[in-house]
2 protein chains.
Amino acid sequence: MNQELAVKRLGELGHGTRMSVYRLLVKAGNNGLAVGDIQERLKVSGPTLSHHIHRLIGAGLVRQERDGRTLYCFAELEALKDVVTFLEAECCTL
Amino acid sequence: MNQELAVKRLGELGHGTRMSVYRLLVKAGNNGLAVGDIQERLKVSGPTLSHHIHRLIGAGLVRQERDGRTLYCFAELEALKDVVTFLEAECCTL
DNA sequence: CTTATATTTCGAAAATTGTAGAAATATCGA
DNA sequence: TCGATATTTCTACAATTTTCGAAATATAAG
């Protein structure tokens with residue numbers, strides 16, 4: 001994990017809506033959560049939610065799988081764990 | 001640690017220059033680092049550096065102490081540790 | 001094939017962020 | 001007091017981000 005990637009992931013999680021999306025996905029676990037379900041829980045428009053989800057995907061923090069008309073989203077837990085490892089190693093006294 | 005504060009801190013660290021500043025300060029430890037020394041290491045103008053340092057201060061991640069004409073900056077390690085604790089507790093499977 | 005559902009892409013406006021030159025402030029030393 | 005050093009504040013501009021309505025795409029069901 002290099003600084004550039006860690007910074008990118010931190011930046012994406014440094015936004016209330018995206019953090020809320022990520023936490024919902026973590027809680028949803030292996031079942032994942034449909035985009036529509038996320039939208040129902042957080043109150044944000046479809047286009048806005050889609051935008052944020054795609055930023056999370058771009059940072060490797062979220063993955064999607066389609067099932068028919070429904071797109072399920074999943075948290076990429078390893079991606080966040082790598083960030084935490086980076087922070088502990090590089091930012092907590094050296 | 002609530003989500004709002006965690007998000008704020010994550011957002012501030014989600015910027016290359018600010019992350020570099022923070023890491024330099026962590027490495028500097030109890031001696032801290034003068035603003036001028038930071039500026040010498042990272043290549044960025046005074047006003048820009050000042051701006052970023054003040055954002056880190058606003059998030060509680062950095063503290064300053066003046067000694068004569070020199071302003072020393074210090075990393076607030078506990079602030080980051082709290083963020084890490086938040087991430088581990090809230091974002092790594094529940 | 002037509003309609004309904006799920007989600008994205010397009011396009012555009014408002015807000016925020018990042019940047020640095022110029023000027024201002026703070027402190028020291030002569 | 002005057003000049004030098006350290007840093008900030010002011011100001012303004014460019015770039016990015018955030019947001020969402022409208023239109024487009026994808027898939028399923030009838």
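We name chains A, B, ... by the order of the sequence lines, and we start the count at 1 in each one. Everything numeric in this text was worked out from a predicted model, so none of it was measured.
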Taking distance alone, no hydrogens or angles, what donor-acceptor pairs closer than 3.5 Å link side-chain atoms of residues 76-94 of chain B to residues at least two apart or in another chain?
| unit_1 | atom_1 | unit_2 | atom_2 | d |
| --- | --- | --- | --- | --- |
| B/Glu76 | OE2 | B/Arg63 | NE | 3.4 |
| B/Thr85 | OG1 | B/Lys81 | O | 3.0 |
| B/Glu90 | OE1 | A/Arg23 | NH2 | 2.5 |

Between [atom2] of [N] and [atom1] of [X], the distance in whole Å:
| X | N | atom1 | atom2 | answer |
| --- | --- | --- | --- | --- |
| A/His54 | D/dT18 | NE2 | P | 15 Å |
| A/Gln39 | C/dT5 | CD | P | 15 Å |
| B/Glu65 | D/dT7 | CD | P | 14 Å |
| B/Leu49 | D/dT9 | CG | C1' | 14 Å |
| A/Met19 | D/dT18 | CE | P | 14 Å |
| B/Tyr72 | C/dT27 | OH | P | 15 Å |
| A/Ile53 | D/dT18 | CD1 | C1' | 15 Å |
| A/Ile57 | C/dT8 | CD1 | C1' | 11 Å |

Can you tell me how far the CZ atom of A/Arg66 sits from the CG atom of A/Leu71, to the nearest 0.5 Å?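 Answer rounded to 0.5 Å: 4.0 Å.
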In Å and rounded to the nearest 0.5 Å, what is the OH to CG distance from A/Tyr72 to A/Asn31?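 Result: 9.5 Å between the selected atoms.
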Letter by letter from the 5' end, nucleotides 25-30 of chain D scores (B base, S sugar-phosphate only, - none; protein heavy atoms under 4.0 Å) --BBS-
Nucleotide by nucleotide, nucleotides 17-22 of chain C touches protein heavy atoms under 4.0 Å in the pattern (B base, S sugar-phosphate only, - none) SSBBBB
Taking only residues two or more places apart in sequence or in another chain, which ones pass ring-ring contact (aromatic ring centres under 6.0 Å, His included) with A/His15?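 ring-ring contact (aromatic ring centres under 6.0 Å, His included) list for A/His15, sorted by chain: A/His52.
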Contact class for B/Gly36 (heavy atom, under 4.0 Å): base, sugar-phosphate, or nothing?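 Since only primed, P, OP1 and OP2 atoms lie under 4.0 Å of B/Gly36, the category is sugar-phosphate.
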Which part of the nucleic acid does B/Thr70 contact within heavy-atom distance under 4.0 Å: base, sugar-phosphate only, or nothing?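 Counting heavy atoms under 4.0 Å across all strands, the contact made by B/Thr70 is with sugar-phosphate only.
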Heavy-atom pair of closest approach, residues B/Gln3 and A/Ser20: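 Reported closest heavy-atom pair: NE2-OG, 3.1 Å.
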Ignoring hydrogens, what is the shortest heavy-atom contact between A/Leu13 and B/Val7? Give both atom names and the distance.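 What the structure gives for the nearest pair is O-CG2, 3.9 Å.
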Proximal nucleotide (of C/dT8, C/dT7, D/dT8) relative to the B/Leu71 side chain: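 Shortest atom-to-atom distance from the side chain points to D/dT8.
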Just do the side-chain hydrogen bond (donor to acceptor under 3.5 Å, both in side chains) check on B/Ser45 and B/Gln39 with the steps written out, would you? CA-CA 7 Å; B/Ser45 73; B/Gln39 191 182 349; over 6 Å; no
Set of side-chain hydrogen bond (donor to acceptor under 3.5 Å, both in side chains) partners for B/Thr70, sequence neighbours left out: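 So B/Thr70 forms no side-chain hydrogen bond (donor to acceptor under 3.5 Å, both in side chains) with any residue.
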Could you pull out all residues at least two apart from B/Thr17 that satisfy side-chain hydrogen bond (donor to acceptor under 3.5 Å, both in side chains)?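 For B/Thr17 there are no side-chain hydrogen bond (donor to acceptor under 3.5 Å, both in side chains) partners, ignoring immediate neighbours.
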Reckon B/Gln64 has a side-chain N or O less than 4.0 Å from the OP1 or OP2 of D/dT7?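 The answer is no; no side-chain N or O of B/Gln64 sits under 4.0 Å from OP1 or OP2.
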